[in-house]
Amino acid sequence: MAPGSPTGSPTGSPPGSAPGVPSPPGVLRIGNASGFYGDRFDALREMLTGGPLDVLTGDYLAELTMLILGRDRLKNPDAGYAKTFLRQLEEGLGLAHERGVRIVTNAGGLNPAGLAAAVRALAERVSVPVRVAHVEGDDLLARGGWGDGVLTANAYLGGAGIAACLRAGADVVVTGRVTDAALVTGPAAAHFGWDLTGPDDPDRPGDLDALAGAVVAGHVLECGTQATGGNYSFFTRHDIRRPGFPLAEIHADGSAVITKHDGTGGVVDVGTVTAQLLYETGGARYAGPDVTARLDTVRLDQDGPDRVRISGVRGEPPPPDLKVGLNRLGGLRNEIVFVLTGLDIDAKARLVRGQVEDALAGRRPAEVRWELARTDRPDADTEETASALLRLVVRDSDPEVVGRAVSGAAVELALGSYPGFHVTAPPGKGVPYGVFEAAYVDASEVAHTAVLPDGRRVAVPTPLRTTALEPVPAPPLPAPLPTGLPTRRAPLGLVVGARSGDKGGDANVGVWARSEDGWRWLAHELTTDRFRELIPESRELTVVRHLLPRLRAVNFTVEGLLGEGVAAQARFDPQAKALGEWLRARHADIPEVLL
């Protein structure tokens, strides 16, 4: 791999070019090979061999992942990074070297220096000459003051450290906790020469718009095949058995085309890109450490088969503070699922619940939750479809209270409870669960550092101009459909798509219409009050609605729906992954012209 010039353009053959396949002039091709720790193992090889690339990124981190890595580090101080990435590199490092593709990943987790050293050792073992750099400074655990039991405390850094490493000629850049979009803004800034510190003059926008465009492209890429038809509401209209991973063709002005390698599965269209763009976002201002991107300015256009152009994105200075993700051990949890079969399901549930509650009276856990899932059908032709599930979840800090006390209470009922008594798995000991919280620190207090391939440590400056985050005034509603149109009672999902996910203890549900008339109806129909009616769990919670007319979308934030976050497992669907699909399955009076 050849070192980059000040704008990141390698000497010799174009970066990422396969033999006889030059990169288009003025375009940086950035691909993704991982959306989470545990994603498709072969993706790195597939992306390197499937077509031309300049940069290949891998996103391995999430709130839950940081907790897992924190527990790994407790057992072994040299651990704390995504080991899967190293195994992928055993073959992938040579392929990247042959094709001139640079690799940028946050697989360093809690130990980017350790992973960088491991990559160097691997490169020596497989005889591939690469220059490895890493980014650090996000780990703020030693700073203290986070409260009891905090296991990890990591600031979300931007792409400036990555850009510094690439400009110094790095072939592989390993980071700890950066924003997911930083894996794209960093390489793009290095390649095109964008200024990540920005002007301090409010009348000079600098490269904010270009950076905002790269942030949007990075957000689309970050979850891998979710941009190419994976987890897509209208999946039945496409072959998505093995969707290809996405890539972005980024231009110097920050506009981009989202696509995938030729011949790979899945689909890239305005719908798949809209779905991913709404995923785990909130209002019109999408804040990050490099720039605040205005999602209400995004324009999406189909640019050919499996090609969607992103343009028009406006950028604003980033906020002065960095988000810090905190993970702590919250205690221990246990779970028992009772199977109730046949007749008298409600009576059987009342009986066993009362028996267990009586048994726990002397040593009741701090939290006890019951949920009855009526999965049974009348006159069922299999025992499984004749059965309902009664789920008990307990939490406490005392391992005895959630362990032996609970398992004993359940086991001792085996011959003296409801007819057909059995459970889905033998009850066992309590297991630790985590709690995620967000804190904020001034960006100037975080020692964002690029450790270059030659070992030099370079302090990464913070942006010169910042702006406190404020909500954008609500845009005007579109004109409603004419009154008096015939309607039909039908599922919402016949006319709208949805994508949902988690942000700490909050859930996000993005809903979009596929036509302009559908948008006119959606914007007036799906208010916050209507959302609460359709999703009863949200009725006592704060629900905030954001309108994004250019995307024909409404984006809801349901505050506190997920309790203390995914690691706490407070809900049947702890990451709200299927919340949007539940919403789509609810019925409404829909104008027949939309059906």
Q. Nearest 0.5 Å, what's the CG-CZ distance between D529 and R545?
A. 10.0 Å
Q) How about T528 and R532: do any of their side-chain heavy atoms sit closer than 4.5 Å? A) yes
(Q) Would you say that V441 contacts R143 through its side chain, given a criterion of any heavy-atom pair below 4.5 Å between the two side chains? (A) yes
Q. So, do L89 and I103 sit near enough that their side-chain heavy atoms are less than 4.5 Å apart?
A. yes
Q: Could you walk me through whether V496 and L583 pass the side chain to side chain contact (heavy atoms under 4.5 Å, CB included) test, one step at a time?
A: CA-CA 10 Å; V496 299; L583 178 65; over 6 Å; no
Q) Taking NZ, NE, NH1 and NH2 as the nitrogens, is one of them in D346 or R374 under 4.0 Å from a carboxylate oxygen of the other? A) yes
Q: Please say whether more than 12 non-hydrogen atoms of neighbouring residues, nucleotides or ligands are located less than 6.0 Å from CZ in F36.
A: yes
Q | Ring-face cation contact, F245 with R40, 6.0 Å cut, 45° max | A | no
Q) Is a side-chain donor or acceptor of S233 paired with a backbone partner of A498 at a separation under 3.5 angstrom? A) yes
Q: Taking atom CZ of R120 as the centre, report whether more than 12 heavy atoms of other residues, nucleotides or ligands fall under 6.0 Å from it.
A: yes
Q | Check ion pair R369-E371 (N to O, under 4.0 angstrom) | A | no
Q. Hey, is CD on E384 packed in by over 12 heavy atoms from elsewhere, all under 6.0 Å?
A. no
Q) With sequence neighbours left out, what residues match F421 under ring pair (Phe, Tyr, Trp, His ring centres under 6.0 Å)? A) F338, Y418
Q) So do D138 and V178 actually touch side chain to side chain, heavy atoms under 4.5 Å? A) no
Q.
What verdict does the side chain to side chain contact (heavy atoms under 4.5 Å, CB included) test give for H134 and V119, after you've listed the backbone C-alpha separation in whole Å, the side-chain angles of each residue and the deciding distance to 0.1 Å?
A. CA-CA 11 Å; H134 72 275; V119 172; over 6 Å; no
Q: Take atom CG of L74 as the centre, draw a 6.0 Å sphere, and report whether it contains more than 12 heavy atoms from other residues, nucleotides or ligands.
A: yes
Q. How about E383: does its CD atom have over 12 heavy atoms from other parts shown lying under 6.0 Å from it?
A. no
Q: Taking salt bridge (Lys or Arg N to Asp or Glu O under 4.0 Å) as the test, write out the residues that go with R539, two or more places apart.
A: none
Q. Which distance, rounded to the nearest 0.5 Å, do you find between the CG of L295 and the CG of L278?
A. 8.5 Å
Q) When rounded to the nearest 0.5 angstrom, what distance separates CG in N508 from CG in L562? A) 10.5 Å
**Q.** Charged N-O contact under 4.0 Å between K503 and E63
**A.** no
Q) If we only count heavy atoms from C-beta on, is the P427 to V406 side-chain gap below 4.5 Å? A) no
Q.
Quick test of your reading of the model: are D180 and R177 salt-bridged, counting only N-O distances below 4.0 Å?
A. yes
Q: Would you please say whether a donor-acceptor pair under 3.5 Å links the side chains of D78 and N111?
A: no
Q: Let me see the working for R73 and D139 under salt bridge (Lys or Arg N to Asp or Glu O under 4.0 Å), right down to the final yes or no.
A: CA-CA 13 Å; R73 187 170 62 176; D139 195 338; 2.9 Å; yes
(Q) Taking atom CD as the centre, does E445 end up with more than 12 heavy-atom neighbours from other residues, nucleotides or ligands that are less than 6.0 angstrom away? (A) yes
Q. Parallel under 30°, tilted from 30 to 60°, perpendicular over 60°: which one fits the rings of W512 and F234?
A. perpendicular
**Q.** Enclosure of R530 CZ (heavy-atom neighbours >12, cutoff 6.0 Å)
**A.** yes
Q) Once you round to the nearest 0.5 Å, how far does CG of L44 lie from CG of D39? A) 11.0 Å
Q: Determine whether S34 and Q88 make a side-chain contact, defined as any pair of heavy atoms from C-beta on separated by less than 4.5 Å.
A: no
Q: From the options V509, V558, T527, T557, select the one residue that forms a side chain to side chain contact (heavy atoms under 4.5 Å, CB included) with V543.
A: V558
Q) Does the side chain of W370 come within less than 4.5 Å of V356's, by heavy atoms? A) yes
Q | Spatial distance of atom CD (E46) from atom OG1 (T264) [nearest 0.5 Å] | A | 9.0 Å
Q: Starting from the C-alpha separation in whole Å, work towards a yes-or-no answer on salt bridge (Lys or Arg N to Asp or Glu O under 4.0 Å) for E90 and R87.
A: CA-CA 5 Å; E90 288 181 5; R87 295 201 301 273; over 6 Å; no
Q: Indicate yes or no: at least one non-hydrogen side-chain atom of L492 is less than 4.5 angstrom from one of L534.
A: yes
**Q.** Test ring pair (Phe, Tyr, Trp, His ring centres under 6.0 Å) applied to Y37 - qualifying residues, sequence neighbours left out
**A.** none
Q) Strictly by modelled atom types, are N334 and S407 linked by a side-chain donor-acceptor pair under 3.5 Å? A) no
Q) Taking atom CZ of R499 and atom CG of N555, what is their separation to the nearest 0.5 Å? A) 12.0 Å
